[in-house]
Amino acid sequence: MSSDDLPPLPLAPLDLDAARAAAIAARARAALGHGPPARRWLEPIAVAVFVVIVLAWAALKIASLLGL
Amino acid sequence: MDDEPAWTAGLRRGDAAAFDAVFAAYRRRIFAYLVRMTRRRDVAEDLVQDVFLRLAQHGTRLQPDTRLGAWLFTVAHRLVVSWTRAQGVRAQLAGDLPSHEPAGSARSPLDALADTEAQRALERALAALSPAHREVALLVGVEGLAPSEVAAILDLKPEAVRQRLARARAELAAALGDFTPAAWRTSA
């Protein structure tokens, strides 16, 4: 065994209980091929819109203060 | 695994049978990794669901040569990192030190599952490792992944993985004492 190796660690096997495993599989299977949910993009889009509005407002404010 | 190219092809088509085969092949491994990283069975159950939800959502966009094990462990690793960060933020908001153990648990939930004293000693030794060292020990020592694969999963250089592995091995050997596997003692 080299210094960058590790022998198999004899740990007890772990598993989900059968009902939970079936529920997870069913939920994931229902999402198969649908892609990530659209709401995933909601927050970044809302933040981007807010930032653009604030920047535009600041630019207009500076322009009016400079008399442009 | 030999069936992986067929499973990947099936996932790319949105085939439920391929998903079921991957779930059956990997759910225990991913769950065990998540339990031992989070030290919380309830959290591990939620995260394993997130891992396989992401597989279902992204399956049609997998590359034909995707290594599913590495892909799943990469997602699981990222979820553990996010969960750990959230735990740290919650602990700071509560004015506490971050802790991975549920309050008041003198015994690890993994202790109850260990069949032998040697397994209990190993679970305790693993739990005492830093998360970074524990993760490398689990991925190499339990999952049998090569350090180069682990480096890709953790987004580290292979040398960094080897260093963590050497430290994890030394810390485990020191903590295990009489329970240190014979193979570790005979190798230099």
Side-chain angles (χ1 to χ4, degrees), chain A, chain B residues 11 13-16 18-20 23-24 27-28 31-36 41 44-45 48-49 51-61 110 113-116 118-120 122-123 126 136-138 140-142 144 146-147 158-159 161-163 165-166 168-169 172 181 183-184 186-188:
Chain A
M1 188 172 62
S2 67
S3 63
D4 63 352
D5 201 1
L6 194 68
L9 300 175
L11 295 169
L14 298 174
D15 198 2
L16 296 155
D17 66 69
R20 186 73 204 260
I24 290 172
R27 184 160 179 217
R29 213 182 292 118
L32 204 57
H34 290 177
R39 67 175 179 277
R40 179 184 171 185
W41 303 108
L42 220 62
E43 189 179 314
I45 289 171
V47 170
V49 168
F50 176 75
V51 169
V52 167
I53 289 171
V54 169
L55 288 176
W57 174 83
L60 288 172
K61 193 77 177 171
I62 290 168
S64 72
L65 285 173
L66 295 174
L68 296 174
Chain B
L11 287 168
R13 294 191 304 270
D15 179 8
F19 175 83
D20 288 344
F23 185 73
R27 81 161 199 244
R28 290 176 193 83
F31 179 64
Y33 162 81
L34 289 168
V35 170
R36 291 189 171 107
R41 192 180 171 93
E45 287 180 359
V48 80
Q49 175 168 283
V51 170
F52 284 100
L53 262 177
R54 291 192 189 190
L55 178 67
Q57 290 166 347
H58 295 272
T60 54
R61 282 180 278 155
L110 295 167
L113 292 165
D115 292 330
T116 65
Q119 283 180 337
R120 275 189 283 278
L122 187 49
E123 292 285 7
L126 270 172
V136 170
L138 288 172
V140 175
V142 178
E159 188 50 38
V161 171
R162 287 192 196 95
Q163 284 177 1
L165 195 56
R169 185 181 161 189
L172 282 176
W184 296 23
T186 54
S187 63

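The shown structure was predicted, so the numbers you read here are calculated from the model rather than taken from an experiment. Each chain gets a letter, A, B and so on, in the order the sequences are listed, and its residues count up from 1. Below, each value reflects all heavy atoms present in this structure, side chains not excepted, and no hydrogens, waters or symmetry copies.
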Query - Beyond-backbone contact of B:Arg28 with A:Leu14, side-chain heavy atoms, under 4.5 angstrom - result: no
**Report entry** Heavy-atom closest contact (B:Gln49 atom, A:Ile24 atom, distance)
**Finding:** OE1-CG1, 3.6 Å
Report task. Check whether B:Ala24 gets within reach of chain A through its side chain, its backbone, both or neither, counting any heavy atom under 4.5 Å. Result -> neither
Query raised in the report: Is there a side-chain contact between B:Val142 and A:Pro8, using heavy atoms and a 4.5 Å cut-off?
Result: no
Query - B:Arg36 side, atom CZ; A:Leu9 side, atom CG - distance, nearest 0.5 Å - result: 9.0 Å
Requested in this report: Go through B:Gly144, B:Pro158, B:Ala146, B:Ala137 and name the one with the most non-hydrogen pairs under 4.5 angstrom from chain A.
Outcome: B:Ala137
**Report entry** Part of A:Ala21 lying under 4.5 Å from any heavy atom of chain B
**Finding:** both
Query - From CZ (B:Phe31) to CG (A:Leu16), nearest 0.5 Å - result: 4.5 Å
Report task. Could you have a look at A:Ala30, A:Ala23, A:Ala28 and say which one has the most heavy-atom pairs with chain B under 4.5 angstrom? Result -> A:Ala28
Query - Side chain, backbone, both or neither of A:Arg20 within contact of chain B (heavy atoms, under 4.5 Å) - result: side chain
Query raised in the report: Any side-chain heavy atom of A:Leu11 within less than 4.5 Å of one from B:Leu126?
Result: yes
Report task. For B:Asp20 and A:Arg29, run side-chain contact (heavy atoms from CB on, under 4.5 Å): C-alpha distance rounded to whole Å, both residues' side-chain angles, the deciding distance at 0.1 Å, then the answer. Result -> CA-CA 8 Å; B:Asp20 288 344; A:Arg29 213 182 292 118; 2.7 Å; yes
Report summary line: Whatever's closer than 4.5 Å to a heavy atom in chain A on B:Asp15 counts as backbone
Query raised in the report: Where do B:Phe23 and A:Ala25 come nearest, in terms of heavy atoms and distance?
Result: CE2-CB, 3.6 Å
Query raised in the report: Can you list the steps and then say if A:Asp15 with B:Arg27 is a side-chain contact (heavy atoms from CB on, under 4.5 Å)?
Result: CA-CA 8 Å; A:Asp15 198 2; B:Arg27 81 161 199 244; 2.8 Å; yes
Query raised in the report: What's the spacing between B:Leu53 CG and A:Arg27 CZ if we round to 0.5 Å?
Result: 5.0 Å
Query raised in the report: In terms of heavy-atom proximity below 4.5 Å to chain A, should B:Arg54 be classed as side chain, backbone, both, or neither?
Result: neither
